[in-house]
Structure formats: structure tokens, C-alpha cells
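So the structure is just underneath, and the comments pick up after that.
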Amino acid sequence: MANDREVLREIWDGKLPICFQLDQDEIMEIQQPDPFYVMVPRLSYFPLVTDKMKRHFLRYISQENADNEMWLDYNGQPMKWHYPIGFLFDLYCGNDPQLPWMLTVHFTKFPENILLRCPNKDVVEAHFMSTIKEADVLKHRGQVMSTMQKKDHNQLWLGLQNDKFDQFWAINRRLMESHGDNEGFKHIPVRLYSDDGTCNQHLVCPKNSDGSRKILQQLISEIFPDKLEVKLKTHGVMIPSDTPLQWLSEHMSYPDNFLHLCVC
Amino acid sequence: MECVIFFNLSYGVPSFSFNIWNSSGVLLKLEDIRRLSFIHIKEDEFSSVITQQEHPLFGRPYFIMHPCRTGQLVEHFRHKSKNIIVTFLSLITPILQLKLPMEYGL
């Protein structure tokens, strides 16, 4: 059970300053648009925080592209909107963070073999909720989400969208509880990303075969048996290798209930 | 069209994933696929059947059928079917108007 509430609150309040600039090739007006600066929550998703920015740039592009789906790139790398913003930053500039984070805005040449389509915010909600359900299947065989009412599911989404910590955690704490005599989740919902952006799937138990609590270093040895000195980062911080996985899952998961860790 | 059946690690069931391109090489969108579907499914229900996701194995966008029901279906047929993969495919393909060669049944 997530008892260290200060940690939860710190993570929730994490923000990133971003500078958005329109792709030079798409500017149709003689006057250059100003860059758009905004402070965004690390835990949110780009489609939830870019409405104002989009309106700012729309009048500078060719009007035939105005209904196209907007997408972002960092240093030529398309940004996957279905990853939390803070995680994208850690993944692509974690080793050399420069603030504000400079991103380029596009309305043409959507990279359909890299990015998922996001025609509206319902798609973001569907993705978010389905990730939480998958995490619950891993932790509790899906029993917590399936016994919750629809209004509780909605509250998770609304809490995230409206940046309401108490509203979100009133429901999320049930997803962070362990049931039965297990004293821990069945499996830990975790996604590990190498520095080339690739993710490998693994079923991870919070306990070792001798019943002891599994710590991060043991997970690293399981997944990267040939590498020495692998360090993992999340929410902008390096994670001490003696951190128990169960604690990590309860306190440092993203709102989608997954740990997103990157190798650095 | 490209189809891949893969094992969904989190749900412990097989999942059906695919992509469809038109003759100009443009990837179809979810709404295009819903309109193609042999069985008429309403817009808001369709996304509970098929969604576009990042493929767990390939890391690229694929349309994937929801694994939630698959577990129940496979369990139901497990002892009755001689070839569970064929049974699984025959439940899924009408939705997609897939015409699979008869060789798959052998």
C-alpha cells in the first residue's frame, strides 16, 4: 500500500518547461510565429496539453493542412503521444537535459509507421484506461478494475486530466493494495526501455524464489545478464539499485499504473 | 494486409494483430476498417473490439483485437477443438472480411 504520500505528491507535481516551434517548411505567412512556451505536467500526455499551442500555430500554416493531425518531433525523432510526457523527456534527453525542452510542431507528413493516430481525446482516454486494466491484470488478475464501478474508472481519468491528486488517488490507492496472503502484487507492471527506445516485455515477480523481496538490482541482472553497471531512471531520477520492486511499483508508477524505466 | 498472431504476455492469451494499406500505400485508419467490416459494428462499440496500439513485439503501430474476451473463448473451445488456432481464427476473421487460404486448416 502506498504509504509514503510525500513521494506520491512530489511525483504528481513534477513539471517540464517546453518550447514549441513550428516546422520552418510549413510556415506560410511572412511573419514568423513566436515560439510557444508552456509548463506541462510530467505525468500527462501531449494531446491533453497542446490545444492552446495548436490554436497559436494554426494561422501560420497552409489552410489545406489545418484539419490534419498535429504531431511533434525532438531532434527529428517523432514523439509518441501515448507515452507520458516526463517519460519521453527522460528517454530522449535524460542524459543531457536542456531546458526548456525544444520541440518542433508539424501538420503534414504524419509518420504513420511510427506514431499512433490520435483524432480526439477519447482515444487518449481509451489508451490510458486500457493500460490501467492491463496493469491490474498483472497485479491482481484484473479483479480490482472489474469490481469497480464505471464512475470510479471515470474518476481516474478525470483526476489525471484536471490535475487533481486527491481525486485520482482516492481510486488509485485501491489499485496499489495487495490482496490475500500474498503481501505483494502477482506481477509488477513495468516497461523497460533501452536507450534506442526499444522496449522488451517481461513478466516480473516482486519476490525472489526464496520469498525475499526482489530489488531493482536483481531485476537488472535478470534482464541484462551480460551487462555490468546498468542504471535505471524514472521521473528524472536515478533509482537506487537496492529499491524493492513492490515499493517502486506502489510509489513511482505513472498514473497508468506502469513503471516506465529507462536505461541510462 | 499483414497479420500477426502473437502471445500477449500480460493476459496470457493469443492476440490477433494486423495492418491494412490501400493501393496507394497509405495505412488505413480505424474508421476505415470499421466500414470494411463484414459484421456491422457501431462506432463507439468498435473501439472496444479493435484499437490501434504500439505492438508489444515490433514497437510499431498495429491494429490489435482485444484480448479480454479471447481467454474465455479459448477456454471454452480448448477441449472441443482439434486445432485451437483455426478455431480462434474462424471466430475473428468474419469481423475483418479476411479470406484465409484453406491451407491454414490443414
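Here is how names work: the chains are called A, B, and so on, in the same order as the sequence lines, proteins then strands, and each is numbered from 1. All values below come from the heavy atoms of this structure, side chains included, with hydrogens, waters and symmetry mates left out.
- Only the backbone of A:H202 has a heavy atom closer than 4.5 Å to any heavy atom of chain B.
- When the shell of 6.0 Å around CG of A:D67 is examined, it contains 12 or fewer heavy atoms from other residues, nucleotides or ligands.
- Minimum heavy-atom separation, B:Y11 to A:K133: OH-C, 4.1 Å.
- Counting heavy atoms of neighbouring residues, nucleotides and ligands inside a 6.0 Å radius, atom CZ of A:R213 does not exceed 12 of them.
- Contacts between residues 105-113 of chain A and chain B, defined by a heavy-atom separation under 4.5 Å, are made by A:E112, A:N113.
- Checking each of A:V123, A:L115, A:L116 against B:Q52 for a side chain to side chain contact (heavy atoms under 4.5 Å, CB included) leaves exactly one that passes, namely A:L116.
- B:E31 contributes atom CD, which lies 13.5 Å from atom CZ of A:R117 (distance to the nearest 0.5 angstrom).
- The OG1 atom of B:T51 lies 10.0 Å from the NE2 atom of A:H127; values are rounded to the nearest 0.5 Å.
- Looking at B:S10, the atoms closer than 4.5 Å to chain A (heavy atoms on both sides) sit in the backbone and in the side chain alike.
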